[in-house]
Amino acid sequence: MHSALARMGAVRDQLLVRLTDDPLDAAEALSFVADPGSGGTVLFSGTVRDTSDAGDVTELEYEAWDERALALMTAIGEEMFERWSIRRAAILHRTGCLAVGEISVLVCCSAAHRAEAFEAARHGIERIKHDVPIWKKEGLAAGEAHWVMGS
């Protein structure tokens, strides 16, 4: 188990980045990005689903290269600020064993206009899934478990 301080960071007051074994709370992300100058807030919530190409899923186990994952998540957040006029952003990802229905990742941002919030949030989750060293292992109802790459 890692300390909370080693697994979270805020590069700036407007950006929250966290990698944690603790459950994620969408209300926390929404509260963090709240801003009186924002006309649009977008929250992407990724959850553990009960099926995959391999069969019925009972759980997912996430592992991360913590330091590298946090550095890349922070860089993705900074990139969101550079490319779009967003006001605030939160990027949160779980590690450990998650049950079906649990939240695995949250990307939330606020902006003056909805288009910027949507585009920045979409960019954030796509970059996380593609570039951040977080891996998941599916536990299947058939009793098997296997690592899933690039999902």
Side-chain angles (χ1 to χ4, degrees), residues 1-52 56-139 148-151:
M1 178 76 85
H2 301 277
S3 75
L5 288 178
R7 302 189 76 202
M8 67 184 298
V11 176
R12 55 164 90 187
D13 290 341
Q14 302 88 359
L15 176 60
L16 172 64
V17 174
R18 183 181 304 143
L19 185 63
T20 182
D21 294 334
D22 296 327
L24 300 181
D25 183 1
E28 177 193 13
L30 287 166
S31 177
F32 181 83
V33 304
D35 180 88
S38 295
T41 299
V42 170
L43 169 70
F44 172 82
S45 175
T47 56
V48 177
R49 62 180 177 271
D50 65 359
T51 58
S52 75
D56 293 337
V57 173
T58 58
E59 66 185 18
L60 291 181
E61 183 178 345
Y62 285 92
E63 290 187 10
W65 177 6
D66 290 359
E67 296 80 13
R68 184 74 177 135
L70 281 170
L72 286 169
M73 290 165 63
T74 300
I76 290 165
E78 290 295 338
E79 191 173 273
M80 291 164 60
F81 279 95
E82 290 169 12
R83 293 184 63 180
W84 293 277
S85 295
I86 61 173
R87 309 283 297 205
R88 299 179 69 84
I91 300 173
L92 314 173
H93 207 298
R94 280 283 302 271
T95 55
C97 191
L98 283 71
V100 170
E102 284 192 89
I103 299 170
S104 58
V105 61
L106 293 170
V107 176
C108 189
C109 62
S110 59
H113 304 286
R114 68 183 176 274
E116 293 166 326
F118 273 111
E119 291 168 13
R122 174 70 186 256
H123 177 80
I125 188 59
E126 296 299 337
R127 286 286 317 277
I128 290 166
K129 298 300 263 178
H130 188 264
D131 296 332
V132 177
I134 299 172
W135 304 278
K136 69 179 178 183
K137 181 169 56 172
E138 291 180 333
V148 179
M149 302 301 168
S151 55

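- Closest heavy-atom contact between D22 and R94: O-CD, 2.6 Å.
- Here the CD1 atom belonging to I125 is positioned 9.5 Å from the OG atom belonging to S45, to the nearest 0.5 angstrom.
- At least one side-chain heavy atom of I91 sits less than 4.5 Å from a side-chain heavy atom of M80.
- By the salt bridge (Lys or Arg N to Asp or Glu O under 4.0 Å) test, D131 pairs with R127, sequence neighbours left out.
- When side chains are defined from C-beta on, E61 counts as touching E63, because their heavy atoms get closer than 4.5 Å.
- By the salt bridge (Lys or Arg N to Asp or Glu O under 4.0 Å) test, D50 is found to be paired with no residue, residues two or more places apart in sequence or in another chain being considered.
- The closest donor-acceptor contact from the side chain of S31 to the backbone of A27 lies at 3.5 Å or more, if one exists at all.
- Side-chain N or O atoms of T58 include one that pairs as donor or acceptor with a backbone N or O of G139 at under 3.5 Å.
- Residues V33 and S110 come closest through the heavy atom pair O-OG, 2.7 Å.
- Separating the CD1 atom in I128 from the CD1 atom in I134 is a distance of 7.0 Å, to the nearest 0.5 Å.
- Here the shortest heavy-atom pairing between V132 and L72 reads CG2-CB, 4.0 Å.
- With a 4.5 Å cut-off on side-chain heavy atoms, L19 and D66 count as touching.
- Note that the CG atom of L16 and the OG1 atom of T74 stand 9.5 Å from one another [nearest 0.5 Å].
- Within the structure, no pair that satisfies the ring-ring contact (aromatic ring centres under 6.0 Å, His included) test touches residues 94-117, not counting sequence neighbours.
- Among residues two or more places apart in sequence or in another chain, the salt bridge (Lys or Arg N to Asp or Glu O under 4.0 Å) test is passed with E59 by none.
- R88 places a side-chain N or O within 3.5 Å of a backbone atom of F32 that can act as its donor or acceptor partner.
- Partners of Q14 by side-chain hydrogen bond (donor to acceptor under 3.5 Å, both in side chains), not counting sequence neighbours: none found.
- Of all non-hydrogen atoms in R18 and M73, the two that sit nearest each other are O-CE, 3.4 Å.
- The distance from atom CG of L43 to atom CG of L30, rounded to the nearest 0.5 Å, is 5.0 Å.
- Atom-to-atom distance recorded for D35:CG and T41:OG1 is 8.0 Å, nearest 0.5 angstrom.
- Rounded to the nearest 0.5 Å, atoms CD1 (I76) and NE2 (H130) are 11.0 Å apart.
- Here V48 pairs with L60, L98, V100 under the side-chain contact (heavy atoms from CB on, under 4.5 Å) rule; sequence neighbours left out.
- Legend: residues meeting side-chain contact (heavy atoms from CB on, under 4.5 Å) with A121, ordered by chain and number and at least two apart, are V42, V107, C109.
- Every residue meeting the side-chain hydrogen bond (donor to acceptor under 3.5 Å, both in side chains) condition with S52, not counting sequence neighbours, appears here in chain and number order: E138.
- Residue R87 comes nearest to A111 through the heavy atom pair CG-CA, 3.9 Å, listed as atom of the first residue, atom of the second, then distance.
- The list of ring-ring contact (aromatic ring centres under 6.0 Å, His included) pairs with a residue in residues 57-79, not counting sequence neighbours, reads Y62-H93.
- A99 pairs by the side-chain contact (heavy atoms from CB on, under 4.5 Å) definition with E102, not counting sequence neighbours.
- For the pair P133 and R68, the tightest heavy-atom approach, listed with the atom from each and the gap, is CG-CG, 3.7 Å.
- Residues meeting the salt bridge (Lys or Arg N to Asp or Glu O under 4.0 Å) test with R83, sequence neighbours left out: none.
- With sequence neighbours excluded, no residue forms a ring-ring contact (aromatic ring centres under 6.0 Å, His included) with F81.
- Of the N and O atoms on the side chains of D56 and T51, not one donor lies less than 3.5 Å from an acceptor on the other residue.
- No cation-pi contact links R122 to F44, judged by a cut-off of 6.0 Å to the six-membered ring centre and 45° from its axis.
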